[in-house]
2 protein chains.
Amino acid sequence: MFDSGSRETSASNAPGYADVTCSAENTGITLARVRFTELVGLLGFTLPVDASLAQVVFPVRRIKAGETLCHAGDPFNAVYVVRSGFFKTVATETNGAELVLGFPMPGEVIGLDGVDSGRYLAEVIALDICNVAVIPFAQLTQLAHQYPCVEKLLYSLFSRELVHKNAMAWVLGTLSAEARLASFLLDLSHRYGRLGYSRTSFALRATREEIGSYLGLKLETVSRTLSAFAAAGLIDVNRRQITLRDPARLRRIVDPNVEDDDATPHKRKSAPVTARRPRTPAQPALAMAA
Amino acid sequence: MFDSGSRETSASNAPGYADVTCSAENTGITLARVRFTELVGLLGFTLPVDASLAQVVFPVRRIKAGETLCHAGDPFNAVYVVRSGFFKTVATETNGAELVLGFPMPGEVIGLDGVDSGRYLAEVIALDICNVAVIPFAQLTQLAHQYPCVEKLLYSLFSRELVHKNAMAWVLGTLSAEARLASFLLDLSHRYGRLGYSRTSFALRATREEIGSYLGLKLETVSRTLSAFAAAGLIDVNRRQITLRDPARLRRIVDPNVEDDDATPHKRKSAPVTARRPRTPAQPALAMAA
DNA sequence: CGACGTCTTGACGTGCCTCAATCTGGGTGG
DNA sequence: CCACCCAGATTGAGGCACGTCAAGACGTCG
């Protein structure tokens with residue numbers, strides 16, 4: 001039934017990706033390697049085939065859930081491309097408060113923000129068994145020198161990250177709690193789908209608190225809003241397992257003006273899902289555990 | 001008195017910067033040029049002196065207040081370095097809502113987010129008489145190829161932008177309205193100071209609404225908060241003219257744990273400046289240190 | 001089985017938004 | 001020169017969305 005293809009994201013499940021060498025699986029330092037061309041595909045780029053470029057490989061690191069890929073303040077010398085698993089990047093402020101900056105998934109790059117200062121400026125913590133390609137930045141720029149297509153790719157990666165951060169500013173600066181959550185769920189859906197997993201059924205790997213931190217909300221608000229979505233029939237929630245029931249309406253919560261099927265495409269404000277007392281005060285929205 | 005060195009930001013006022021050629025001032029297309037090495041200094045980098053690199057110049061564009069440097073959707077082919085003036089970058093969403101993404105000032109780069117999609121994705125509008133260097137991106141990458149130091153600079157620019165956007169996420173996601181405004185004022189102060197202007201007295205070039213959009217607040221909240229700061233003796237406000245009276249306390253509003261002079265460096269929450277009736281209804285807000 | 005982390009839900013307070021009136025300064029035209 | 005206008009700014013009153021505090025339910029692990 002493929003009800004949740006996202007639960008297992010180990011590389012062996014992903015279609016067509018395999019380590020070049022797989023010896024000594026159990027040593028602390030893995031000897032596995034990935035082809036650069038493979039990573040390019042994961043990143044969503046297509047490069048002209050090149051025999052010499054196809055020979056380039058990078059080492060792979062495996063990280064268990066809870067372990068950190070790199071610490072804030074560590075000297076920067078490599079970027080990482082996630083091959084499988086699920087991370088969170090956490091910036092710790094001077095006052096000790098933590099802020100979740102993102103949830104890197106397979107096909108996404110980690111560490112580009114360390115180039116300028118020469119240090120990583122966020123903890124990167126695995127929320128799952130993870131598998132990343134380690135790409136020494138000096139080697140990457142070297143490749144960019146030799147191959148114009150790689151150079152272009154590298155600039156695109158930076159730029160893409162910037163675009164994403166701008167979108168994040170939009171979410172944090174203008175959207176309500178409901179819209180932020182809806183946007184977050186749709187983003188996850190899209191990213192899982194892009195990887196070949198189900199777009200409608202997936203697991204949140206993060207706690208409510210981590211999600212809240214990422215979205216500028218408190219964990220209670222995240223929990224309440226998810227419950228409200230479920231009560232409205234938009235999604236199913238079971239702990240961290242999410243199933244999207246009405247993605248179109250979720251999208252309309254983010255932006256009331258998206259045109260998808262019926263109704264006028266004009267200015268119509270989707271009423272908040274968390275309407276207090278939907279109509280008859282007698283009807284409890286949700287029966288608590290019987 | 002030097003009460004507002006920031007009011008005039010034309011290039012002729014900035015120390016040591018002059019166009020290489022200044023013919024035909026009044027033609028629509030300016031013939032002025034800037035040396036690349038000059039821009040590098042403006043950007044805050046130091047490069048090893050190189051005779052050939054010192055010959056590289058870029059054209060200059062002058063833009064009057066209210067005009068736009070580039071439109072969202074325009075094909076991307078150049079980045080801009082602000083030499084003088086003050087811009088706002090505005091992303092217009094599908095629903096027509098506008099979001100101010102930033103306020104580029106001299107020494108800052110515009111357009112890096114267009115590399116990936118090949119199109120600018122925000123309007124860049126001058127809030128002042130502006131002067132920018134036009135740097136064709138292809139030419140810039142070409143330079144990066146020839147000069148490793150330029151290559152490093154380019155990566156740093158991208159990375160620096162990313163770091164700044166992360167900081168913005170922090171502001172939008174975790175700070176109160178007061179803290180956001182304080183952070184904004186301190187940021188402006190720092191950026192003006194970096195340019196050789198007064199850190200304590202400067203003019204906001206943006207309206208309350210634009211500032212609010214940038215900070216995820218409504219214009220009324222911006223106005224109220226500025227008034228509250230003024231009432232508390234933190235700043236002076238006269239329309240768009242701002243004078244910082246107590247930067248240290250502003251900093252403490254952003255992060256209560258900064259250590260600057262007195263008091264315990266422990267967990268102390270700076271009471272909101274907008275205290276409703278601080279104690280005795282007769283006494284206005286500046287209760288803390290006399 | 002108890003301890004713990006996570007999640008849920010309720011009650012309440014408040015910070016910011018909303019709506020609205022007024023004020024100011026700068027620009028325009030007679 | 002003044003009347004007029006209008007965008008921008010200020011200020012108030014009231015409401016709601018989200019934060020805060022608190023209690024309990026659930027799943028997991030030792």
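Just so it is clear, the model here is predicted, and its values are computed rather than measured. Throughout, protein chains are lettered first and strands after them, A, B, ... in sequence-line order, and every chain is numbered starting at 1.
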Nearest-angstrom distance from the residue atom [atom1] of [X] to [atom2] of [N]:
| X | N | atom1 | atom2 | result |
| --- | --- | --- | --- | --- |
| B/Gln241 | D/dT10 | CD | P | 13 Å |
| B/Lys218 | D/dG15 | NZ | P | 20 Å |
| B/Ile242 | D/dA9 | CD1 | P | 11 Å |
| A/Arg224 | D/dG24 | CZ | C1' | 14 Å |
| A/Glu178 | C/dC17 | CD | C1' | 16 Å |
| A/Leu181 | C/dT8 | CG | P | 11 Å |
| B/Leu226 | D/dG8 | CG | C1' | 13 Å |
| A/Arg180 | D/dA17 | CZ | C1' | 11 Å |

| Hey, what's the ring geometry for B/Phe86 with B/Tyr192, parallel, tilted or perpendicular (30° and 60° as the breaks)? | parallel
| request: Consider the side chain of A/Ser176, meaning its heavy atoms from C-beta on, and name the nucleotide among D/dC18, C/dA11, D/dA22 that approaches it most closely. | output: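 Side chain of A/Ser176 sits closest to D/dC18.
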| When you measure from the side chain of B/Leu217, which nucleotide among C/dT8, C/dC16, D/dT10 comes out closest? |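 Selected nucleotide (nearest to the side chain): C/dC16.
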Tabulated below should be each protein N or O lying under 3.5 Å from an N or O of nucleotides 4-7 of chain C; please produce it.
unit_1	atom_1	unit_2	atom_2	d
C/dT6	O3'	A/Arg240	NH2	3.4
C/dC7	OP1	A/Arg240	NE	2.9
C/dC7	OP1	A/Arg240	NH2	3.4
C/dC7	OP2	A/Arg208	N	2.9

| said: Based on the rotation axes of five pairs at each end, what angle does the helix from C/dC1-D/dG30 to C/dG30-D/dC1 bend through, to 10°? | reply: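 Taking the rotation axis at each end, their angle is 30°.
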Non-neighbouring partners of [X] that pass salt bridge (Lys or Arg N to Asp or Glu O under 4.0 Å), sequence neighbours left out:
| X | answer |
| --- | --- |
| A/Asp255 | none |
| B/Asp187 | B/Arg191 |
| A/Glu210 | A/Lys88 |

In a table with atom names and distances, give each donor-acceptor pair under 3.5 Å that connects a side chain of residues 63-73 of chain A to protein atoms at least two apart or in another chain.
unit_1	atom_1	unit_2	atom_2	d
A/Glu67	OE1	A/Lys64	N	3.3
A/Thr68	OG1	A/His71	NE2	3.2
A/His71	ND1	A/Glu123	OE1	2.8

| Contact class for B/Gly216 (heavy atom, under 4.0 Å): base, sugar-phosphate, or nothing? |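 Here B/Gly216 touches the backbone only, sparing every base.
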| task | Could I get the full list of side chain to side chain donor-acceptor pair (under 3.5 Å) partners for B/Ser223, not counting sequence neighbours? | result |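 Listed in chain order: nothing, the list is empty.
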| On DNA chain D, nearest-nucleotide positions of A/Glu220 versus B/Thr221: which is more 5'? |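 With A/Glu220 and B/Thr221 compared, the 5'-side residue is B/Thr221.
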| request: Just jot down the ring pair (Phe, Tyr, Trp, His ring centres under 6.0 Å) partners of B/Tyr214, sequence neighbours excluded, or say none. | output: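 For B/Tyr214 the ring pair (Phe, Tyr, Trp, His ring centres under 6.0 Å) partners, ignoring immediate neighbours, are B/Phe103, B/Phe184.
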| task | Indicate yes or no for a side-chain donor-acceptor contact from B/Arg61 to the backbone of B/Val132 under 3.5 Å, with no hydrogens or angles considered. | result |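 Between the backbone of B/Val132 and the side chain of B/Arg61 there is no qualifying donor-acceptor contact (under 3.5 Å).
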| query | Got a sec, which pairs hit salt bridge (Lys or Arg N to Asp or Glu O under 4.0 Å) with one end in residues 227-248 of chain B, sequence neighbours left out? | reply | B/Asp236-B/Arg245, B/Asp246-B/Arg249
